[in-house]
Amino acid sequence: MEEKFRIESRLAQIGSMEDPATGAVNAPIYHSTAYRHPRLRQSTGFDYIRTKNPTRSVLERSAAELEGADAAFACSSGMAALQTIFALFSQGDHLIVSLDLYGGTYRMLERIMKRFGVAASYVDTNNPDELEAARRENTKAVFIETPTNPLMMITDIEAVCTWAKQHGLLTIVDNTLMTPFFQRPIELGADIVTHSATKYLGGHNDVLAGLILTKGQALSEEMAVLHNSIGAVLSPADSYQLMRGMKTLALRMERHEFNSLAIARFLQSHEAIAEVFHPGLPEHPGHEIQKRQASGNTGIFSFKVKDARYVEPVLRHIRLIAFAESLGGVESLMTYPAVQTHADIPAEIRDAVGVDDRLLRFSVGIEHIDDLIADLSRALDAARAEVEAQAPTL
Ligand SMILES: *Cc1c(COP(=O)(O)O)cnc(C)c1O
């Protein structure tokens, strides 16, 4: 699109205007793996599906444009995107990584990248002293998640990028939780952005996908080589499915934000709750940075119940809210990070950051707020009654 429309308009129109021959308002799905060459040394721009596919190209162009990136690469999952990014590094390299990290990323760094001689140090990336203390001669990049999941710790993206540039390090941001609708790290100085598009971008818990966005020509060219060489690329049908979801991203994110804030406030004043971690609340330590660098809040947050014994009955009594892993879809899902998403992170590290046995993570969907609060309220009351019946308070 030539004209610079607002993000809501650009999202709604993804894939439209891509097929002048028919005027279709959705990008066609090209399943073809091979493409005829008009003659020797001529190409339509498409040769073989792994390198480039017309449907995937529409998605990649739209994604790059939304994040202010120079190039985008659609991958078969968020982890495939991360593996492709980590292939930038070589034996002997070192990375500085957010402490409260997505479990799968931690597992890839510790179980796979470590064997290839790429080391990682985990720090609070919002603390300049910790960043500086972790920096080594062989450090190549800083990898951040903000907010982190599940503890919703906020990192000042611009501050990290400035520091990283001074030391010749790349800054990589996992922007899964925020999406380009609320936060665009490349505009704040990041070199690489990655997404598990399985979450908010897809938005309906029905497509597995990942994205890589790059800034700068050399980095974009290098990433194109890695993307094609590793081959963990997104299929045409899934590229279509992802664009289908992205068209409603703006509406969904607005509702996710509204619902999650309302529930966070409800829980703050609930007797069974010890603590609520939501960067949209003024009490949250990262609230001011979040307001400065993002235009809104994601739909996921976490909270601690006062007694670990509440957890099992709460998960048994919720009905509208599903007890399930994953996040970012229209359906509300609740998980227990200590035994599910973060089980691969050693207990000492989990306890040090606060992912303990009282912490629940809530990916708030787009259902009616009154129904969500009623469901949660009923489950909390039932859990408390059960625990009290087991061990009456003296
Ligand atoms: C889910 C997730 C990933 C991994 O993505 P998949 O699509 O499940 O492979 C990476 N980072 C974050 C923050 C995630 O939530």
Side-chain angles (χ1 to χ4, degrees), residues 59 63 67 72-87 95 97-113 120 122 125 142-155 157 172-180 182-183 185 190 192-213 227 230-235 238-239 241-242 245-246 253 256 260 277 279 294 297-302 324-329 331 333-337 340-345 353 355 361-365:
L59 165 66
E67 291 267 3
F73 306 91
C75 301
S76 52
S77 70
M79 293 318 302
L82 286 161
Q83 159 133 53
T84 306
I85 292 168
F86 290 146
L95 311 175
V97 181
S98 282
L99 183 62
D100 174 31
L101 189 67
Y102 176 70
T105 311
Y106 177 85
R107 182 175 56 203
M108 181 173 293
L109 288 168
E110 292 302 306
R111 299 265 287 263
I112 302 172
M113 296 314 293
Y122 303 90
T125 43
V142 190
F143 182 98
I144 58 182
E145 288 181 19
T146 176
T148 58
N149 154 26
L151 285 168
M152 313 306 289
M153 287 155 64
I154 303 297
T155 288
I157 298 173
I172 308 167
V173 182
D174 184 333
N175 204 29
T176 298
L177 266 51
M178 296 303 286
T179 81
F182 282 143
Q183 177 171 285
I192 301 174
V193 166
T194 182
H195 285 276
S196 167
T198 316
K199 315 294 169 55
Y200 288 105
L201 291 175
H204 295 73
N205 290 319
D206 63 358
V207 61
L208 176 70
L211 285 172
I212 303 168
L213 301 119
H227 189 234
I230 292 172
V233 304
L234 195 62
S235 76
D238 285 342
S239 297
Q241 182 91 330
L242 179 54
M246 285 168 70
M253 292 315 287
H256 284 302
S260 80
F277 305 89
N297 287 286
T298 184
I300 175 180
F301 73 100
S302 59
E325 275 163 91
S326 197
L327 63 102
E331 302 91 354
L333 309 180
M334 196 177 282
T335 49
Y336 189 32
Q340 294 182 294
T341 50
H342 289 61
D344 278 308
I345 298 183
V353 292
V355 183
R361 188 187 79 185
F362 192 177
S363 173
V364 183

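Just follow the structure's listing: the first ligand is 1, and inside any ligand the first atom is 1.
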Can you list the residues that meet the side chain to side chain contact (heavy atoms under 4.5 Å, CB included) rule with Val364, with sequence neighbours excluded? Asn259, Ser260, Ile263, Phe301, Ser332, Phe362, Leu372
Pairwise, report which nitrogen or oxygen atoms of ligand 1 are under 3.5 angstrom from protein nitrogen or oxygen atoms, and how far apart they are.
from, atom 1, to, atom 2, distance (Å)
ligand 1, 5 (O), Ser196, OG, 3.0
ligand 1, 7 (O), Gly78, N, 2.9
ligand 1, 7 (O), Ser196, OG, 2.8
ligand 1, 7 (O), Thr198, OG1, 2.6
ligand 1, 9 (O), Gly78, N, 3.0
ligand 1, 9 (O), Met79, N, 2.9
ligand 1, 11 (N), Asp174, OD2, 2.7
ligand 1, 15 (O), Lys199, NZ, 2.7

Parallel, tilted or perpendicular, as decided by the 30° and 60° cut-offs, for the rings of Tyr200 and His256: perpendicular
Could you list the residues that satisfy side-chain hydrogen bond (donor to acceptor under 3.5 Å, both in side chains) with Thr84, not counting sequence neighbours? none
Given Ile85 and Phe73, is the side chain to side chain contact (heavy atoms under 4.5 Å, CB included) satisfied, shown in steps? CA-CA 10 Å; Ile85 292 168; Phe73 306 91; over 6 Å; no
Indicate whether the side chain of Ser98 and that of Thr148 have a donor and an acceptor atom separated by less than 3.5 Å. no
Output all residues satisfying salt bridge (Lys or Arg N to Asp or Glu O under 4.0 Å) with Glu110, sequence neighbours left out; order by chain, then residue number. Lys114
